[in-house]
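Notes follow the structure.
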Amino acid sequence: MSFPADKWKKDFPILAQIVNDEPLVYLDNAATTQKPTAVLKAIETYYCESNANVHRGVHTLAERATTQYEAAREKVQHFIHAAESAEVLFTRGTTTSLNWVAKSYGEANLQPGDEILVSVMEHHSNLIPWQQLAKKTQAVLSYVELTEEGLLDLDSLRGQLSEKTKIVALAHVSNVLGVVNPIQEIARLVHATEAVLVVDGAQAVPHMPVDVQELEVDFYAFSGHKMVGPTGIGVLYGKRHLLEKMEPVEFGGEMIEFVYEQESTWKELPWKFEAGTPNIAGAIGLGAAVDYLSTVGLVAIQDYEHELMAYLWPKLMEVPGLTIYGPLDTAKRSGIVTFNLDGIHPHDVATAMDMQGVAIRAGNHCAQPLMRKLAADSTARASFYFYNTTADVDQFVEALLATKEFFTHGLN
Ligand code: PMP
């Protein structure tokens with residue numbers, strides 16, 4: 001493989017450590033990614049040299065902080081190819097972004113009997129806001145089917161779309177099945193009706209080039225911490241004509257133009273949505289993350305993760321008693337592998353793997369309806385990123401084999 005994962009890994013100080021007497025192999029990237037020195041430094045430099053509140057002061061530090069905060073917005077705009085930076089709203093993360101759409105767009109546009117379409121592969125963040133919206137507006141929440149393989153069934157989507165459908169909310173990449181949904185094709189189907197398409201891009205933006213205009217999405221949500229940026233910052237992209245008609249979700253300082261005793265008016269986009277002092281350091285850190293990922297290259301990251309999966313797959317197939325969830329064809333998936341080892345509880349698998357330096361996750365991955373569909377209470381999940389090397393893959397498979405052996409035959 002020509003991709004220099006070893007070189008990139010050296011940019012992440014946290015990865016150069018020994019955990020339980022073994023080199024750390026961090027495979028919980030779908031939960032959160034590690035941060036390179038460039039991002040850590042950007043945050044430190046901001047606090048050491050420019051810390052001030054944004055948009056309000058005329059002093060030098062306030063101007064510096066404002067310039068850097070707005071520059072970060074422009075970086076994100078170019079990264080996702082939004083038409084303008086006013087369409088990029090800073091939020092706390094994917095969860096907040098999706099809640100904002102449900103609250104602001106949803107409550108204003110749904111009537112009793114209207115339909116919201118989601119799928120059973122959604123993360124709870126892309127389910128519960130729609131459940132709540134359906135309850136509040138007496139709309140109906142319906143589910144697009146999955147195929148046997150775990151892909152979104154486009155025939156089911158076609159069959160369910162109707163003049164009643166007002167919102168379709170789907171993941172770009174599933175955080176459990178690892179499948180990549182054909183968003184552009186979906187957008188065209190959705191836009192043949194009056195509905196808007198809301199996409200949960202939490203597991204996509206870090207791993208592949210995303211062009212929101214080419215994808216033709218109406219809203220697109222993602223989190224900084226899953227793309228080598230800090231926690232507490234994320235993005236809601238929305239098309240201007242939709243955002244303009246939407247009411248802010250939160251009210252207070254920063255987002256107002258004029259305030260009278262009984263009435264107030266809002267600033268223009270994007271600031272009307274950003275009430276209160278924003279996460280300035282977080283946005284600047286996210287800007288640095290975007291710069292860093294752009295240097296590595298999103299096409300290169302996507303290709304490398306496919307190569308890594310192709311390297312892993314034959315080895316995985318030799319692990320006895322392994323069930324993999326989602327498609328077995330690596331071409332149809334990203335770097336997320338959800339699995340169970342026969343007869344061993346996934347929490348035990350994750351604990352045994354941790355004892356061998358390998359960090360994986362076990363649980364329901366915030367996707368309880370999907371777990372029920374898979375007839376699994378809980379599963380183990382290894383999720384890879386561009387700084388994971390083939391040596392990491394080898395250590396992961398060896399640890400898996402040793403875990404299986406230990407629980408089957410005990411210590412020799
Ligand atoms: N959607 C998906 C597909 C996710 O994987 C996650 C994070 N696990 C989220 C939404 C929620 O992201 P956050 O917790 O950063 O808001």
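Small disclaimer: the values here were computed from a predicted structure and weren't measured. As the structure lists them, so they are numbered: ligands from 1, and atoms in each ligand from 1.
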Open item on the list: When you compare ligand 1 with S125, is there at least one nitrogen or oxygen pair between them that comes in under 3.5 angstrom?
Closed with: no
Open item on the list: Ring-plane angle category for H55 and Y69, please: parallel below 30°, perpendicular beyond 60°, tilted otherwise.
Closed with: perpendicular
TODO: Name the closest protein heavy atom to atom 1 (N) of ligand 1, giving the residue it belongs to and the distance to 0.1 Å.
DONE: D200 OD2, 2.5 Å
Task: Parallel, tilted or perpendicular: ring planes of F3 versus W8, cut at 30 and 60 degrees - done: tilted
TODO: Please write down residue, atom name and distance for the protein heavy atom closest to atom 7 (C) of ligand 1.
DONE: K226 NZ, 2.4 Å
Task: Where ligand 1 meets N175 - atom numbers and elements under 4.0 angstrom, heavy-atom basis - done: 3 (C), 5 (O)
Open item on the list: Please tell me whether F12 and Y26 form a close aromatic pair, meaning their ring centres lie under 6.0 Å apart.
Closed with: no
TODO: Distance to 0.1 Å, residue and atom name: give those for the protein heavy atom nearest to atom 4 (C) of ligand 1.
DONE: H123 CD2, 3.3 Å
- [ ] May I ask you to check whether H207 and Y385 place their ring centers less than 6.0 Å from one another?
- [x] yes
TODO: For atom 16 (O) of ligand 1, grab the closest protein heavy atom and report residue, atom and distance to one decimal in Å.
DONE: T95 OG1, 2.5 Å
TODO: With K75 as the cation and F79 as the aromatic partner, state whether NZ or CZ is under 6.0 Å from the six-membered ring centre and within 45° of the axis.
DONE: no
TODO: Under 4.0 Å from a heavy atom of S223: give me the atoms of ligand 1 that qualify, with their elements.
DONE: 12 (O), 13 (P), 15 (O), 16 (O)
TODO: Record the part of H225 in heavy-atom contact with ligand 1 below 4.0 Å; permitted values are side chain, backbone, both and neither.
DONE: side chain
- [ ] Could you check atom 5 (O) of ligand 1 against the protein and tell me its nearest heavy-atom contact, residue, atom and distance included?
- [x] Q203 NE2, 2.6 Å
- [ ] Measure from the ring center of F273 to the ring center of W266 and say whether it is less than 6.0 Å.
- [x] no
Open item on the list: Please report the interatomic distance CE(M1) to CG(D303), rounded to the nearest 0.5 Å.
Closed with: 12.0 Å
